[in-house]
Participant: 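Have a look at the structure that comes next, please.
Heavy-atom basis, side chains included; hydrogens, waters and symmetry copies ignored. Because the structure is a prediction, the values reported are computed rather than measured. Below, read A as the first sequence line, B as the second, and so on, with proteins coming before strands; counting in each chain starts at 1.
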Number of protein chains: 2
Amino acid sequence: MLVDRATYELQELCPIRDVLDRIGDRWTVLVLSELEGGTRRFSVLRRAIPDISQRMLAQTLRHLEADGLVLRTVYPTIPPRVDYELTDLGRSLIVPLRGLIAWANGHHEAVKAARRRYATAQEAGAAPPESARAADVTPAQ
Amino acid sequence: MLVDRATYELQELCPIRDVLDRIGDRWTVLVLSELEGGTRRFSVLRRAIPDISQRMLAQTLRHLEADGLVLRTVYPTIPPRVDYELTDLGRSLIVPLRGLIAWANGHHEAVKAARRRYATAQEAGAAPPESARAADVTPAQ
DNA sequence: CCGAATCCAACACGATACTG
DNA sequence: CAGTATCGTGTTGGATTCGG
């Protein structure tokens with residue numbers, strides 16, 4: 001069994017869900033990816049991930065810091081400057097993450113193809129041939 | 001770099017996000033875990049994952065089917081019977097997933113410890129000593 | 001420059017009721 | 001047995017504004 005059911009049923013927060021809740025959000029993996037290249041400043045991260053909002057970047061970094069995956073260093077200069085870098089724990093997460101990313105890149109086309117097949121199969125089943133449409137009584141709303 | 005930025009910026013849906021959106025939801029990994037043990041009927045899956053609602057189980061299975069990770073077989077008997085099983089694509093995803101799960105199990109304590117440290121550090125900074133509380137001018141609301 | 005606070009829309013999820 | 005339909009709710013994330 002993939003997941004340790006006993007731990008899960010004890011309700012003491014399934015470790016898998018705990019981890020997936022984080023890496024499953026929209027930006028965490030992208031931020032980890034940037035930090036893999038070394039220490040980065042907040043503004044550098046923003047520019048590197050153009051469509052992340054300030055709010056989400058700050059939130060994502062705080063979560064990563066709280067989980068001990070990222071180290072945050074504040075330099076009380078003017079203007080202020082904050083550096084972020086992976087901890088050892090953070091770097092250790094990158095290893096299995098790489099496996100998942102490799103799978104995603106390697107099988108994304110297969111997944112998209114499956115979705116197209118599924119979508120067309122669905123309309124074929126859900127949408128009757130045109131000759132029958134006029135008699136369709138199910139209301140659109 | 002962990003994530004293929006070029007693909008990401010082309011906006012043609014980053015494969016990583018596409019995969020994480022799915023395995024990041026509440027039930028997908030749990031369902032995959034059950035199906036790893038072999039073919040399962042709908043009702044068996046429900047009993048195996050006690051706190052999943054009928055709605056979420058059906059939805060999760062439909063997503064997995066659409067993505068080509070799970071094969072759905074309907075037997076038009078009375079009462080009806082539907083079998084679910086992993087496809088080859090689904091089984092191939094389980095491999096990297098296992099790595100992530102191993103990390104989660106192996107480092108969950110470290111993450112929880114980091115969170116406790118972070119939480120206490122936060123209250124220490126946010127909540128001034130009692131002697132100063134009376135003079136605190138920042139309104140609670 | 002870094003980030004907190006607020007407001008708001010979209011959606012994931014659960015509970016319940018109903019169907020073939 | 002195996003779902004779908006509907007409703008209500010909490011959470012996620014984006015836009016904007018303010019502060020140190």
Participant: Can you name the closest pair of heavy atoms from W103(B) and L89(A) and give their distance?
Facilitator: CZ2-O, 3.8 Å
Participant: Respond yes when some side-chain nitrogen or oxygen of R81(A) is under 4.0 Å from OP1 or OP2 of dC2(C), and no when none is.
Facilitator: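 Result: no.
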Participant: Would the distance check show the side chain of R91(A) and the main-chain N or O of L86(A) forming a donor-acceptor pair, the cut-off being under 3.5 Å?
Facilitator: yes
Participant: Can a cation-pi geometry be assigned to R81(A) and Y75(A), taking NZ or CZ under 6.0 Å from the six-membered ring centre and within 45° of the ring axis?
Facilitator: yes
Participant: Between P on dC11(C) and CD on Q59(B), what's the gap in Å once rounded to a whole number?
Facilitator: 13 Å
Participant: Using whole Å, what does the distance between atom P of nucleotide dT19(C) and atom CD of Q54(B) come to?
Facilitator: 14 Å
Participant: Contact class for Y84(A) (heavy atom, under 4.0 Å): base, sugar-phosphate, or nothing?
Facilitator: sugar-phosphate
Participant: Between the base of dT4(D) and the side chain of R62(B), is there any donor-acceptor pair under 3.5 Å?
Facilitator: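 Per atom types, no contact qualifies.
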Participant: For R46(B), answer base if it contacts any base atom (sugar-phosphate contacts may also be present), sugar-phosphate if it contacts only those atoms, and nothing otherwise; contact means non-hydrogen atoms under 4.0 Å.
Facilitator: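 Nothing, no heavy atom under 4.0 Å.
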Participant: Does a side-chain N or O of R26(A) approach OP1 or OP2 of dG14(D) to a distance below 4.0 Å, or not?
Facilitator: yes
Participant: Check the distance between dA15(D)'s C1' and D51(A)'s CG and give it to me in whole angstrom.
Facilitator: 15 Å
Participant: Without decimals, in angstroms, what is the distance between Y75(B) OH and dG3(D) P?
Facilitator: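 About 13 Å, once rounded to whole Å.
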Participant: Under 4.0 Å between any heavy atoms, over every strand shown, what does R55(A) touch: base, sugar-phosphate, or nothing? Just pick one.
Facilitator: base
Participant: Using the side-chain heavy atoms of R72(A), tell me which of these nucleotides is nearest: dG13(D), dC2(C), dG3(C).
Facilitator: dG3(C)
Participant: As a quick check of understanding, evaluate salt bridge (charged side-chain N to carboxylate O under 4.0 Å, His left out) for R98(A) and E36(A), giving each step before the final call.
Facilitator: CA-CA 11 Å; R98(A) 230 190 279 271; E36(A) 198 198 6; 2.9 Å; yes
Participant: M56(B) CE to dA2(D) C1': how many Å, rounded?
Facilitator: 16 Å
Participant: Are S43(A) and dC2(C) close enough that a side-chain N or O sits under 4.0 Å from OP1 or OP2?
Facilitator: yes
Participant: Please evaluate residues R115(B) and D18(A) with respect to the criterion salt bridge (charged side-chain N to carboxylate O under 4.0 Å, His left out), reporting the C-alpha separation (whole Å), side-chain torsions for both, the decisive distance (0.1 Å), and the verdict.
Facilitator: CA-CA 12 Å; R115(B) 280 181 197 164; D18(A) 206 10; 3.1 Å; yes
Participant: Among dG20(D), dG14(C), dG3(C), find the nucleotide with the atom closest to the side chain of V82(A).
Facilitator: dG3(C)
Participant: Tell me: CZ of R47(B) to C1' of dA2(D), nearest whole Å?
Facilitator: 12 Å
Participant: Rounded off to whole Å, could you give me the CG-to-P distance for the L57(B) and dG14(C) pair?
Facilitator: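 Going from L57(B) (CG) to dG14(C) (P), I get 11 Å.
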Participant: Nearest whole angstrom, please: distance from the P of dC1(D) to the CD1 of I78(B).
Facilitator: 14 Å
